[in-house]
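What follows is a short report on a single structure.
Because the structure is a prediction, the values reported are computed rather than measured. Letters A, B, ... are given to chains in the order of the sequence lines, protein chains preceding strands, and every chain is numbered from 1.
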Amino acid sequence: MTADPTGLEVELFGLRFANPVLTASGTFNFGREYAQAFPLRRLGGVITKGTSPRPRLGNAAPRIAETPAGLLNSIGLENKGVDAYLQGELPWLREQGTRVVVNVFGDTPAEFAEVAAKLAGHADLLELNLSCPNVHGGSLPFASDPAAAAEVVARCADVTDLPLLAKLAPNSELLRVAEACEQAGASGLSAINTLLGMRIDLQTRRPVLGTGMGGLSGPAILPLAVRCIYQLRQSSSLPILGMGGVRSWRDAAELAMAGADLVAVGTATFNDPWAAPRLIQELAEGLGQLGLSWTELVGAAHRD
Amino acid sequence: MTADPTGLEVELFGLRFANPVLTASGTFNFGREYAQAFPLRRLGGVITKGTSPRPRLGNAAPRIAETPAGLLNSIGLENKGVDAYLQGELPWLREQGTRVVVNVFGDTPAEFAEVAAKLAGHADLLELNLSCPNVHGGSLPFASDPAAAAEVVARCADVTDLPLLAKLAPNSELLRVAEACEQAGASGLSAINTLLGMRIDLQTRRPVLGTGMGGLSGPAILPLAVRCIYQLRQSSSLPILGMGGVRSWRDAAELAMAGADLVAVGTATFNDPWAAPRLIQELAEGLGQLGLSWTELVGAAHRD
Amino acid sequence: MAEQLQDHPLELLSCLQLSAAKALLRYRAPSLAGALQPGQFLNLKIPGYLLRRPMAPASQEGESLELLVFSRGPATLELMGGRREVMALGPLGRPFPLPPPGAGPALLVSGGSGAAPLLFLAARLRAIGVPVLARHGSRDGSEFSLAQRFASLGCSAEYFSEDGSAGTQGRPTDRLPELSGVSCAYAVGPRPLMHQVASACQRAGVPAWISLEEPMACGVGACLSCAVQTAQGQRHACVDGPVFPAAEVVW
Amino acid sequence: MAEQLQDHPLELLSCLQLSAAKALLRYRAPSLAGALQPGQFLNLKIPGYLLRRPMAPASQEGESLELLVFSRGPATLELMGGRREVMALGPLGRPFPLPPPGAGPALLVSGGSGAAPLLFLAARLRAIGVPVLARHGSRDGSEFSLAQRFASLGCSAEYFSEDGSAGTQGRPTDRLPELSGVSCAYAVGPRPLMHQVASACQRAGVPAWISLEEPMACGVGACLSCAVQTAQGQRHACVDGPVFPAAEVVW
Ligand SMILES: Cc1cc2nc3c(=O)[nH]c(=O)nc-3n(C[C@H](O)[C@H](O)[C@H](O)COP(=O)(O)OP(=O)(O)OC[C@H]3O[C@@H](n4cnc5c(N)ncnc54)[C@H](O)[C@@H]3O)c2cc1C
Ligand SMILES: Cc1cc2nc3c(=O)[nH]c(=O)nc-3n(C[C@H](O)[C@H](O)[C@H](O)COP(=O)(O)OP(=O)(O)OC[C@H]3O[C@@H](n4cnc5c(N)ncnc54)[C@H](O)[C@@H]3O)c2cc1C
Ligand SMILES: Cc1cc2nc3c(=O)[nH]c(=O)nc-3n(C[C@H](O)[C@H](O)[C@H](O)COP(=O)(O)O)c2cc1C
Ligand SMILES: Cc1cc2nc3c(=O)[nH]c(=O)nc-3n(C[C@H](O)[C@H](O)[C@H](O)COP(=O)(O)O)c2cc1C
Ligand code: FES
Ligand code: FES
């Protein structure tokens, strides 16, 4: 505690995080854009946009729609492919003095492994995106099938020593998929990804999004994230990276009490580019007033 | 059309609804309370609180918690049991000049049928609540198991001639359960019920709700309702009673375009007791401006 | 049944800040004139919040009424921030029963925002000639003016602060006065406070009433969110209460 | 990289309502003084809405700037409702390239709120001595004052209304003037409008630029929501645009 006056430090996966707040995949690209707003070293870490073996163009426009306290997106994993990021972005990001988590995506377990194999030395952690509702027609081939999810994790574990987080969907299979991932060698769990939603335009009488449906994120899903993280904590002993609707230090604290060791801020950044660093500052103050450190808060709702 | 200057009339299940807007189960009890605010005949119909064969006390307090644009409830199907309502409430409600839908609940298929058997002459429609997340520890024994759901529908169809709506959960099994209910004799589908969520209090560091978890309703879930109804409409030809987050005529129109023949207003009534009649009024005006009748809007997003 | 449920506009007249998170707000509410009884509540619609917030008025005189607002979260803070107009559903719930005019002294014990309905009640009791012994308590000195309010209504008022910074150090339930001289008692505040008063009154055979602040969604009996346990079985605080005979509450 | 991204307060000075859903809002924005170029945009934070709303200013002079706001939904209505202060992220995006000082006349064609960036551009073009032919169109007469605005900036301005209630009946793309005398063209409005101008300019060999109003979440290149198709492949309107050479857009 003396070495950590903020009460925010976290030691996990053999890594030290200056604070438990990261930026969520897909809302922060590879960090360059918001590095124009604040130094990235203020963050616990940056989780990159989903990265696939080869470039992906993503889905048809429009790709976003607002909903009450939420956002639908159907980006569809547009990215330049892992090789481009190994050149331009990751070396730069690794120099910013924050933890780097690369979000990995593939259409098959082999594709996941293809990306994972290339990232040693370029990332601190890998987050395996098993749960994107914007590809495969929303069918979640991995996050709704424990065996398929386990295969992704196992194939990646074969080719890298980096700790692997399995990113899960808030669906009925949550706990079974988590267990399968744990057995297959995942070092941690990441939750939650977005939920499949839709908006329809009254003028055109057509779905607003080019693909019809998209993933729901933002404050609207906070109570679902709290519940999923609470359930994961009950049934698994793996560390949890929690996310879903966090915009204030109280939201972050709620995910922590539910069981999240680390949290990520996603959609909130679009409303306020400074959301994550502001939250970190307020978290330090808020916890100070409660006389608690972050690690004391983690899982508190499970203790008697 | 000449007989219906409002453009809001709906003919379904051999019944005429003056307009397509009902009040959602559990948010309007048996109608007496809000009958103090406006005449119930302005509504398309009233869906009663869930009714079980015998009285149920419901869950431990606190039973509600607010969330961003949403509400968690864990009422747990408190009700006085079907016999009490047959005495006091339903005869009164049937005289109010609106359609009466009784929401039916049981712990087993036999219990559902026990309630259904008593309601002939006391209701226009039955809505079978297969999807309450506040009982059975949130496990949804019916809404996550097509065979169990079908058994409930079949057992009820055996004992009543009233049209039966199967009320579904927005979970991964949505379409399979819908299909099973259709085959078992359901006359329509009702969607969506709430999603399991949680809040944790920062002062006590305990879940806010007495039961820990509760069902999420309100505007936050609107895009999930639109998506579920759209998917149901794609895969089934049964009429759909849509609900989830509706508070304005535009929201109702959105559910209609997705495929809802009727809609219900739930949580919005707590914010504004006049939400449903106001919406009906604005719907008539709004559709008038668009030059459309309600039935022309239903399913519009599916047409080219 | 006639339509009796109405939404009333409350128009802000003035705001007296007691501390950062406590304020006494005075509103003009002509459509509610004469309609409220002590212990009843209004369900306030605060823009940006899905649920209304129940508040038991602290006074009503003609077209004006007062709310004593203790902020527990952002919505009440918004209210205190000076929003000019809010809509109020009500009057809701059952009021405090009054003793017959000229009855012996009534004991009123409040903690925190529980002073609101008891201030309103004190005014009514004084108006029918019932002497009032008011005891109000808080953690610190920030609510001393509420005890002064009781005094200005003609009550014999005592203030208690846990930190001793104003009034008597301690709690309003410490060394309750001799109850044999008291005709009835009312307590509103944290559950332990109400429970203690209830127990003391039961022992002394003095009738007592409390008000239960349960989380409420509808406020009118339609959602069943406000279940409370009583000797008569499960009840709903918004319609069967919020005022209950203290002896009937299952503590 | 230095921290260049900033949120700037815009303080409302005046609001000129053109119709129920259209207004010209003038703000004081000292921290943005001199920072904006025509075609760039600000991403406005409107309380109660998760997403910011992108708006391309219609003018900037010293510490003041103007927004031309056409309401499509509740957030823009809220903005027009006269909110005193809004936060604006920016300047964002790439501006319109300017022709060399003293170049031949520029053609500006706008529809609806597309007039905003073109009014700003017109002022700059006039300041460097470039003659401007401005054509603005709307469904009805409600935007006639925007054509007057172009005229007051020293443009040769023509107004088109589809219903003929003001100016010339028709659309601003009807019978475009002889393009051989034009040095460059700019079009902002509905896609068909921009497409028609683009095609005409391409045929005549006149360089043209348009601005793409894509739904945007971040406005800074981080979310990839604003993908647009160009001859160079997929681009992102917020950082690679919103201004694009008309010839490069895949229509
Ligand atoms: C009959 C009745 C009368 C009341 N009278 C007063 C009064 O005169 N003055 C006053 O300051 N407070 C009063 N309260 C409590 C007041 O309603 C809550 O403090 C307020 O709702 C908290 O809202 P918030 O947004 O500030 O807090 P938050 O913590 O953000 O509230 C979140 C949710 O919890 C509910 N909630 C939180 N605390 C309470 C509580 N103690 N009781 C009921 N619901 C709660 C809120 O309604 C909301 O839905 C009364 C409550 C009831 C039931
Ligand atoms: C670079 C740029 C500059 C713009 N400049 C102006 C301007 O000067 N004046 C003006 O009136 N409008 C301008 N717009 C359009 C303006 O941003 C939208 O009209 C506004 O966002 C609609 O918000 P709403 O809440 O009123 O409508 P809603 O329909 O409620 O909006 C819902 C969602 O859709 C998005 N959206 C809706 N229409 C558009 C659109 N045409 N473009 C982008 N996003 C949209 C909104 O951002 C929001 O997320 C500009 C857009 C862009 C991209
Ligand atoms: C625009 C956008 C793009 C996203 N892209 C990805 C992605 O590439 N990989 C991934 O695992 N999650 C992606 N997500 C999901 C987020 O990382 C996060 O799990 C989710 O948005 C919930 O957090 P929030 O509510 O704080 O945004 C994306 C979310 C948004 C809004
Ligand atoms: C307080 C409360 C009680 C409910 N009780 C029931 C119930 O008894 N039976 C049922 O089928 N659904 C019940 N529901 C679910 C609603 O009928 C509806 O499906 C859901 O709330 C979504 O609609 P809304 O967002 O408009 O509220 C309840 C919802 C709430 C908020
Ligand atoms: S608050 Fe709804 S029943 Fe009491
Ligand atoms: S709006 Fe986010 S990348 Fe363009």
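Across all non-hydrogen atoms, the minimal contact from B/Gly266 to B/Thr27 is CA-OG1, 3.4 Å. A pairwise comparison of heavy atoms in A/Leu130 and A/Ala166 identifies CD1-CB, 3.8 Å as the closest pair. Nearest heavy atom pair, residue B/Ser131 against residue B/Asn193, reads OG-ND2, 3.0 Å. Closest heavy-atom contact between A/Ala148 and A/Pro141: CB-O, 3.6 Å. The minimum heavy-atom distance between A/Trp294 and A/Asp261, with the atom names listed, is NE1-O, 2.8 Å. In plain terms, the two heavy atoms of B/Ala143 and B/Val177 that are nearest each other are O-CG2, 3.4 Å.
Interface residues of residues 198-216 of chain B toward chain A, defined by a heavy-atom distance below 4.5 Å and sorted by number: B/Met198, B/Arg199, B/Ile200, B/Asp201, B/Leu202, B/Arg205, B/Arg206, B/Pro207, B/Met213, B/Leu216. For a heavy-atom cut-off of 4.5 Å, chain B lies close to A/Tyr230, A/Gln231, A/Arg247 in residues 230-248 of chain A.
Of the possible polar contacts, one joining the B/Glu296 side chain to the B/Ser293 backbone as a donor-acceptor pair under 3.5 Å is found.
Using a 3.5 Å distance cut-off with no hydrogens or angles, the side chains of B/Gln281 and B/Glu285 do pair a donor with an acceptor. Side-chain atoms of A/Asn134 and A/Asn59 form no donor-acceptor pair, as typed in the model, at a separation below 3.5 Å. Looking at B/Thr267 and B/Ser217, their side chains do bring a donor and an acceptor atom within 3.5 Å of each other.
With respect to chain A, the highest number of heavy-atom pairs below 4.5 Å among B/Leu196, B/Leu222, B/Asn171 belongs to B/Leu196. Looking only at heavy-atom pairs under 4.5 Å with chain A, the residue among B/Ser172, B/Ala169, B/Cys228, B/Ser144 that has the most is B/Ser172. Ranking B/Gly286, B/Ala258, B/Ala300 against chain A, the residue ahead of the rest is B/Ala300, based on heavy-atom pairs under 4.5 Å. Note: A/Leu224 leads A/Asp251, A/Leu224, A/Thr67, A/Ile229 in heavy-atom pairs under 4.5 Å with chain B. Heavy-atom pairs under 4.5 Å with chain B were tallied for A/Arg227, A/Arg250, A/Arg303; the largest tally goes to A/Arg227.
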ask   = Where do A/Leu72 and A/Ile64 land on the side chain to side chain contact (heavy atoms under 4.5 Å, CB included) test, with the steps shown first?
value = CA-CA 5 Å; A/Leu72 290 178; A/Ile64 51 161; over 6 Å; no
inquiry  = For a side chain to side chain contact (heavy atoms under 4.5 Å, CB included) check, start with the C-alpha distance between A/Asn19 and A/Val10, then their side-chain angles and the critical distance, and finish with the verdict.
reply    = CA-CA 6 Å; A/Asn19 65 66; A/Val10 178; over 6 Å; no
task = Please report the C-alpha distance between A/Phe105 and A/Asp107 in whole Å, then the side-chain angles of each, then the deciding distance to 0.1 Å, and finally whether the side chain to side chain contact (heavy atoms under 4.5 Å, CB included) criterion is met.
result = CA-CA 7 Å; A/Phe105 177 76; A/Asp107 280 322; 3.8 Å; yes
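For a residue to count as touching a neighbouring chain, one of its non-hydrogen atoms must lie under 4.5 Å from one of that chain's; by this rule B/Leu297 touches chain A with the side chain only. Using a 4.5 Å cut-off between heavy atoms, A/Leu195 contacts chain B through both its backbone and its side chain.
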